[in-house]
Amino acid sequence: MDSFRDKVAVVTGAASGVGLGIARALAAEGAQVVLADVEADALGRAASGLEAVGSRVRTHVTDVADADSVGQLRDFVMAECGRVDLLFNNAGVATYNRMVDTTDRDWQWVISVNLMGVVHGINAFLPTLLEQASPSRIVNTASPAGLISCLPYQAPYAASKAAVISLSESLAAELEAMGAPVGVTVVLPGKVESAINESDRNNPYGEKKSILSDAVREYRALVGREFAKDALSANEFGLEVVAAIRAERPFAVSHGPFFRIVVAARNERILTAAYGAS
Ligand SMILES: NC(=O)c1ccc[n+]([C@@H]2O[C@H](COP(=O)([O-])OP(=O)(O)OC[C@H]3O[C@@H](n4cnc5c(N)ncnc54)[C@H](O)[C@@H]3O)[C@@H](O)[C@H]2O)c1
């Protein structure tokens, strides 16, 4: 996709962090951006910020965990814009806990947002993208956590992100086999400034940090410190994502050299443990 001017882009989880950074970068390129998020107030503030720099934005309060809500988002976009060119399934949440203390509800929450949110976006928008038969792209935000997977205290998060990478690869292969002009990009933010560590603000079941053990608290603090060290701003990363989409790349990443080493080590560990040394 050479130019984003007047293209219609839908971004979920757009009120904060990575989603807002992507929305800003797209707006700067002249795209019509539809911001979708479960947090109505934050959505309003994000839209005002973009409008202040002269962009045309629309907002729709959407819960990606709810298929009907995502269907309403699609209907809103089609009624307002008449088409859609870029779909960013970006909303995500994280929990920190030992698996022994992680409740079914926490599992359901993380899976319903991080995995089913992506599925709901694809189910709602893909038939429209296929019908339009013009170049378009589905962009799913996963995480290096989905490639590293062995993340203590973050099992639901890592599992959901591994699933998003997997389903995106399957979808890309299917679309290619169909000869459809719909591309797929997976976003792997490494350390990008955001409010992901305050995800509990959106936990409808209200499972609270009070049940965290000391080890989990320490781990969480460590992750926070590591994140802060050489984090990219969401605006910087938004530009990287837009560049990757322009180049029709299958992945958009941050901190590539670091994660390349970590992912390669994990893959080698599995290959050796499962199939023996090469
Ligand atoms: N920040 C990072 O370094 C990093 C690293 C790896 C992956 N990610 C991924 O990036 C994506 C964005 O996260 P972020 O880091 O910007 O965090 P964030 O908390 O700043 O933004 C997430 C947004 O998603 C929204 N959201 C939460 N539940 C929702 C729901 N049910 N429906 C609709 N919107 C919902 C939140 O209100 C928030 O605006 C997530 O998928 C996250 O897993 C981020």
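Read the numbers this way: they start at 1 and go in the same order the structure lists the ligands and their atoms.
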| remark: The protein residues that pass the under-4.0 Å heavy-atom test against ligand 1 are Gly13, Ala15, Ser16, Gly17, Val18, Asp37, Val38, Glu39, Thr62, Asp63, Val64, Asn90, Ala91, Gly92, Val93, Val113, Thr141, Ala142, Ser143, Tyr157, Lys161, Pro189, Gly190, Lys191, Val192, Ser194, Ala195, Ile196, Arg201, Asn202, Phe227

| Per the side chain to side chain donor-acceptor pair (under 3.5 Å) rule, which among Arg58, Lys7, Arg56 passes with Gln32? |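 When Arg58, Lys7, Arg56 are each tested with Gln32, the side chain to side chain donor-acceptor pair (under 3.5 Å) holds only for Arg58.
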
| message | Donor-acceptor check, side chain of Arg24 to backbone of Gly21, threshold 3.5 angstrom: yes or no? | response | no

| message | Ring of Phe258, cation from Lys191 - is the NZ or CZ under 6.0 Å from the centre and inside 45° of the axis? | response |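 Here Lys191 passes the 6.0 Å and 45° test against Phe258.
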
| field | Test log, rule side chain to side chain donor-acceptor pair (under 3.5 Å), inputs Asp106 and Asn203 | value | CA-CA 8 Å; Asp106 265 346; Asn203 185 339; 3.1 Å; yes

| query | If you measure only the distance, is there a donor-acceptor pair under 3.5 Å linking the side chains of Thr128 and Glu131? | reply | no

| query | Taking the six-membered ring for Trp, are the ring centroids of Tyr153 and Tyr219 within less than 6.0 Å of each other? | reply |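 Yes, close enough.
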
